[in-house]
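Sequence lines set the chain letters: A, B, ... in the order given, protein chains first and strands last, and positions in each chain run from 1. What you are looking at is a predicted structure, and each value in this text was computed from that prediction instead of being measured.
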Amino acid sequence: MAAFIFKNEPDDYSLQDLKRDGSVAWNGVRNYGARNRMKQAEEGDLVFYYHSGISKPAIVGTARISKAPYPDPTQYDEDSPYFDAKATEDEPRWWTVEIKFESEFDSPVTLDAMKDVEELADIEVLRQKRLSVSVVTPDEANWITNAGSADAP
DNA sequence: GCCAACGTTGGC
DNA sequence: GCCAACGTTGGC
């Protein structure tokens, strides 16, 4: 199973918002790198939810892909800030997935903490900090899951 | 197809 | 609020 990190500013939409709503369509990704990664997602894949743009950026919990990639409807909506005049129904430019809340970490895994870890030396989120959707290897996913649990040292 | 200018993200 | 990194746009 694949795993990803989805970044968002908590002021915009936080993990607590997702917990409240249950699930959400991850609309509005308008970056090709992020889009390409999102398109690899399959239902059931693991998503680490990352809060960015705050004093202590961190992975704060997990979600699951609850709906496989499909064309982002906002690209066709002229009233949406995500409207894209070059997108057509036949050839969508932008894709989205739906994610559902899974868990809130007992101990958030901070960016600071991840930087010092040998196991995460190559993790994409550290190498390409501007990417809002990045991939996580199984080993990296295990490390993060462990670090987020209450028993973590 | 290249590259300069510009815009955006995100850490600090 | 600043700045580095890097993605995107548009002129040529």
Using a 3.5 Å distance criterion without hydrogens, assess whether the side chain of Asp77(A) forms a donor-acceptor pair with backbone atoms of Thr74(A). no
Short side-chain N/O contact from Tyr32(A) to OP1 or OP2 of dC6(C), under 4.0 Å: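 For dC6(C), neither OP1 nor OP2 has a side-chain N or O of Tyr32(A) closer than 4.0 Å.
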Check whether any side-chain N or O of Lys129(A) sits under 4.0 Å from OP1 or OP2 of dG7(C), and answer yes or no. no
Measure the distance from [atom1] on [X] to [atom2] on [N] and round it to the nearest whole Å.
X         : N       : atom1 : atom2 : result
Leu131(A) : dA5(C)  : CG    : P     : 16 Å
Asn8(A)   : dG10(B) : CG    : C1'   : 12 Å
Arg30(A)  : dT9(B)  : CZ    : C1'   : 16 Å
His51(A)  : dT9(B)  : NE2   : C1'   : 17 Å
Arg35(A)  : dT9(B)  : CZ    : P     : 17 Å
Gln128(A) : dT9(B)  : CD    : C1'   : 12 Å
Arg93(A)  : dG7(C)  : CZ    : C1'   : 13 Å
Ile54(A)  : dG10(B) : CD1   : P     : 12 Å

Can we call the ring centroids of Trp143(A) and Phe48(A) under 6.0 Å apart? no
Quick check, are the ring centers of Tyr32(A) and Trp94(A) under 6.0 angstrom apart? yes
Nearest to the side chain of Asp112(A), heavy atoms from C-beta on, is which of dG7(C), dG11(B), dC12(B)? dC12(B)
Of the candidate nucleotides dG11(B), dT8(C), dG7(B), which contains the atom at the shortest distance from the side chain of Asn31(A)? dT8(C)
For Lys115(A), answer base if it contacts any base atom (sugar-phosphate contacts may also be present), sugar-phosphate if it contacts only those atoms, and nothing otherwise; contact means non-hydrogen atoms under 4.0 Å.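 Lys115(A): backbone/sugar contact only, no base atoms under 4.0 Å.
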Rounded to the nearest 0.5 Å, how far apart are CD1 of Ile5(A) and CD of Glu124(A)?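 That separation rounds to 9.0 Å.
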